Visitor: 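Pasting a structure below so you can have a look.
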2 protein chains.
Amino acid sequence: MSKPTIYSIAQRCGVSAATVSRVFNRPELVSTRVREQVTAVARELGYLPNPAARGLVTGRAETIGLIVSDITNPFFPLLVRSIQRTAERMGSSVMLVDAEESAAAEVRHVARLRGRVDGVIVASPRSSSAALREAAKGLPCVLLNRPLRDLSSVICDNTSALFDAGEHLHKHGHRSFALLAGPSASWAAARRSQAIRGWARGRGVELTELGPFRATFKGGRQAGAALLETGATAAFAFDDLTACGVLAELAGRGVAVPGDRSVVGCDDVLLARTVTPSLTTVTAPMDDLGATAVQVLTRQIEAPGGAPEHHRLPGVFVARDSTGPRSTS
Amino acid sequence: MSKPTIYSIAQRCGVSAATVSRVFNRPELVSTRVREQVTAVARELGYLPNPAARGLVTGRAETIGLIVSDITNPFFPLLVRSIQRTAERMGSSVMLVDAEESAAAEVRHVARLRGRVDGVIVASPRSSSAALREAAKGLPCVLLNRPLRDLSSVICDNTSALFDAGEHLHKHGHRSFALLAGPSASWAAARRSQAIRGWARGRGVELTELGPFRATFKGGRQAGAALLETGATAAFAFDDLTACGVLAELAGRGVAVPGDRSVVGCDDVLLARTVTPSLTTVTAPMDDLGATAVQVLTRQIEAPGGAPEHHRLPGVFVARDSTGPRSTS
DNA sequence: AGAATTCATGCAATCGCTTTCATTGTTCCT
DNA sequence: AGGAACAATGAAAGCGATTGCATGAATTCT
């Protein structure tokens, strides 16, 4: 009693395999009577179509690849969830690959996934533009948080939210700021720095640039130490993880937040709410980001060679407890 | 110029497709001359074997499924990484599915994965034993952190590490403890509670049981509030996330940690190091857990119907800053 | 030298499904 | 009633690999 196939079902129903296949793919082409019988027998036998066989003829794997630069980064879990959920709704599974921070691993994995997936989403790629372009050649691909002319991309733009953050601090009396820059290879870091610079210039306030720092807790501690050597009363951290490091460093040196200094993070990861004081930060629209990426990818898959799409989703400023009035001392 | 197949290569080399296939699968059966020529042409044409076609005949997908109960739980990222890394080393890809905390989704996904994967790993399942058994019927399956007689399992046993934690607190003068229990559906929670109860009884110290609390930051805050109503000077939180909630609640009420109370977490997730004070906790051997799970699964796949294996990996106690001497006040 | 092995290769079946095309009845027009 | 249009189905050709069996050549043995 081996695995049921369309043939076992066909035989049991006294019809041809073609008809059974049609019951599942183009049911409207089959008479009601036969359709019901086939469905019943299929259920009874516990029939499941063989994806390999189907894939072989359709050329589709009904699977998309998701390459994340670093699964341990708290930024990703919600993104993964959203992507997976959307993909499932479109009938696709998700193959997840963690590049462990390595640019080489990224392109290697894109190559490996080729053939097993219908397309890939590369989240926060570390690779060079040229490498990405090359790796994605002939494979539907969507970049997340990394714009590139010839490849589709979905990015979270925090520019205006960071403006809001600046205004928020300015309203609280802050006039001297520090920018704790993130890793230089990261597009997001560059973009955020640029936004903050722009705001500070427009506002005519003092801005001290520090870094780049690694986007880790430790990097944050270093950033915190560096911050204390400046006269800045408020700091923009690259992301929440870094901000947590800053908080820890300041706390360790007896500097009160937001009493003595204000700190804002970015991304609004779980951490941001659980740390004390809770982080003022910028919320990324994770669900949208993931859903959009999958939809764009689906379009690319269905119309290969179509023009790349570029989507830009804004982050939203959210004030919590790590920012407050400038200390009067 | 369509996708290269073994036929295009065979033609170009003046050999049969079977030979080309052998070059990749049983190279020792092919003469050096032909082998080299085929390899060269394959490379030149950018040939990649079609996994669907291969899978159709071999019956293997070279893919394993990984179902996690909740991808947003900080416990998982490192586990996912380790599993993925190990799987890749064995030549398999990983299909990740997030059950979003739903027991129903778990078994639904196991069913969906059937046929697309060679086997599945279910991490911290929420489903009932019966449901799991049923869902895994005829599909190689390894349970993570959930023992079940008829299915293979790999679990992290924190019993002895929690003993160490107890001793550590005892040495610091604590005599009255609180157990902040985790969700009742979680095997890990039950196991940990049991361990702590056992230790307290053996030590002859006072133990107040509170909860169950949800394994979230909020649940932790509630646990923290409940803790303050007891006379306990030290508390065992279910996990690090809960412990963070406790910390936050205590901090909010002006209770010093470890000055007034000591708190220990469990799992040693990223959070544990980034929170202030850093958490005394129990480190789970993530790499081992993941690697073992994949190896066991591989064995199950290669010898279907083999006896289930059960592995138990111990956690390790690690003292940090959230525990200290009992307050003298 | 002739038989027996061994080696390298090709032929062809097969995996389970989709899909085109042809073949039946049926129904509908005029 | 005769032919057109249509609905339901089957036969068969792939999709791209793997693999058991057969074959012919080269090597070894006696």
Side-chain angles (χ1 to χ4, degrees), chain A residues 1-39 41-42 45-63 91 112 114-118 138 302 304, chain B residues 1-39 41-42 45-63 91 93 114-118 138 302 304:
Chain A
M1 188 191 87
S2 56
K3 287 251 150 58
T5 70
I6 51 171
Y7 288 99
S8 8
I9 298 177
Q11 201 170 4
R12 283 269 274 253
C13 296
V15 299
S16 78
T19 300
V20 176
S21 173
R22 277 189 281 256
V23 167
F24 298 113
N25 301 299
R26 318 273 317 266
E28 72 280 7
L29 293 184
V30 179
S31 72
T32 316
R33 212 171 44 73
V34 172
R35 191 190 320 143
E36 281 168 359
Q37 189 197 0
V38 167
T39 317
V41 172
L45 261 47
Y47 168 76
L48 284 175
N50 179 323
R54 167 187 256 131
L56 183 54
V57 33
T58 62
R60 287 279 175 79
E62 311 292 355
T63 300
R112 221 173 60 80
R114 222 184 193 102
R116 338 191 144 258
V117 301
D118 301 324
E302 277 166 6
Chain B
M1 188 193 86
S2 56
K3 288 250 150 59
T5 71
I6 50 170
Y7 291 98
S8 8
I9 298 177
Q11 201 170 5
R12 282 269 274 253
C13 297
V15 299
S16 79
T19 299
V20 176
S21 173
R22 279 190 279 256
V23 166
F24 297 114
N25 301 298
R26 319 271 317 267
E28 72 279 9
L29 294 184
V30 179
S31 72
T32 316
R33 212 171 43 75
V34 172
R35 191 189 320 143
E36 280 168 0
Q37 189 196 2
V38 167
T39 315
V41 171
L45 260 46
Y47 168 76
L48 284 174
N50 179 324
R54 167 188 256 131
L56 182 54
V57 34
T58 62
R60 288 280 175 77
E62 309 292 353
T63 300
S93 303
R114 229 189 183 94
R116 330 189 151 262
V117 302
D118 301 324
E302 278 167 4

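As the structure is a computational prediction, the values presented were derived from the model and not from experiment. Just so you know, these numbers use all the heavy atoms, side chains as well, and skip hydrogens, waters and symmetry mates. Convention: sequence-line order gives letters A, B, ...; per-chain numbering from 1.
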Visitor: Starting at the 5' end of DNA chain C, which residue's closest nucleotide do you reach first, B/Ala53 or B/Ser16?
Guide: B/Ser16
Visitor: What nucleotide, of C/dG10, C/dC15, D/dT18, holds the atom closest to the side chain of B/Leu56?
Guide: C/dC15
Visitor: Could you state the CZ-P distance from B/Arg35 to C/dC7, rounded to the nearest angstrom?
Guide: 13 Å
Visitor: Write down the distance between CZ (A/Arg33) and P (C/dT26), rounded to a whole number of angstrom.
Guide: 12 Å
Visitor: Between A/Ser31 and D/dT9, is there a contact of a side-chain N or O with OP1 or OP2 at under 4.0 Å?
Guide: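 Checking A/Ser31 against D/dT9: at least one side-chain N or O falls below 4.0 Å of OP1 or OP2.
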Visitor: Round to the nearest Å and state the distance from A/Ile6 atom CD1 to C/dC15 atom C1'.
Guide: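 Going from CD1 in A/Ile6 over to C1' in C/dC15 covers 12 Å.
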Visitor: Using whole Å, what does the distance between atom P of nucleotide C/dT9 and atom CD1 of B/Ile9 come to?
Guide: 15 Å
Visitor: What is the separation between atom CZ on B/Phe24 and atom C1' on D/dG16, rounded to the nearest whole Å?
Guide: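 After rounding, the reported distance stands at 13 Å.
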Visitor: Does B/Tyr47 place a side-chain N or O at less than 4.0 Å from the phosphate oxygens OP1/OP2 of D/dA17?
Guide: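 Answer yes for this pair, as a side-chain N or O of B/Tyr47 is under 4.0 Å from OP1 or OP2.
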Visitor: On DNA chain D, compare the nucleotides closest to B/Ala18 and A/Val34; which residue's is nearer the 5' end?
Guide: A/Val34
Visitor: Looking at A/Arg54 and A/Asn25, what are the two nearest heavy atoms and their distance?
Guide: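 Taking A/Arg54 first and A/Asn25 second, the nearest heavy atoms are NH2-OD1, 3.0 Å.
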Visitor: Name the closest nucleotide to the A/Asn25 side chain, picking from D/dG16, D/dG20, C/dT18.
Guide: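 So the side chain of A/Asn25 is nearest to C/dT18.
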Visitor: Determine, stepwise, if the pair A/Arg22 / A/Val34 fulfils side chain to side chain contact (heavy atoms under 4.5 Å, CB included).
Guide: CA-CA 11 Å; A/Arg22 277 189 281 256; A/Val34 172; over 6 Å; no
Visitor: Nearest to the side chain of A/Arg22 - D/dT18, C/dT20, C/dG10?
Guide: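 Within the option list, the nearest is C/dT20.
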Visitor: Using the side-chain heavy atoms of A/Thr5, tell me which of these nucleotides is nearest: C/dC17, C/dA8, C/dT18.
Guide: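 So the nucleotide nearest the side chain must be C/dC17.
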Visitor: Classify the nucleic acid contact of B/Gly115 as base, sugar-phosphate or nothing, counting any heavy atom under 4.0 Å across all strands shown.
Guide: nothing
Visitor: Please check: side-chain N/O of B/Arg35 versus main-chain N/O of B/Pro27, any donor-acceptor pairing under 3.5 Å?
Guide: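 A pair under 3.5 Å: yes.
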Visitor: Nearest whole angstrom, please: distance from the C1' of D/dA8 to the CD of A/Glu36.
Guide: 15 Å
Visitor: Pick base, sugar-phosphate or nothing for B/Ser21, based on heavy-atom distances below 4.0 Å to the nucleic acid.
Guide: base
Visitor: Contact class for A/Pro49 (heavy atom, under 4.0 Å): base, sugar-phosphate, or nothing?
Guide: sugar-phosphate
Visitor: Does a side-chain heavy-atom distance below 4.5 Å link B/Tyr47 with B/Ile6?
Guide: yes
Visitor: Taking the side chain as C-beta and beyond, is there a heavy-atom pair between B/Lys3 and B/Asn50 under 4.5 Å?
Guide: no
Visitor: A/Tyr7 OH to C/dG16 P: how many Å, rounded?
Guide: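 Interatomic distance, OH of A/Tyr7 to P of C/dG16: 10 Å.
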Visitor: Of all the nucleotides listed (D/dT18, C/dG16, D/dT9), which has the minimum atom distance to the side chain of B/Val57?
Guide: D/dT18
Visitor: Can you tell me how far P of C/dC7 sits from CZ of B/Arg26, to the nearest Å?
Guide: 13 Å
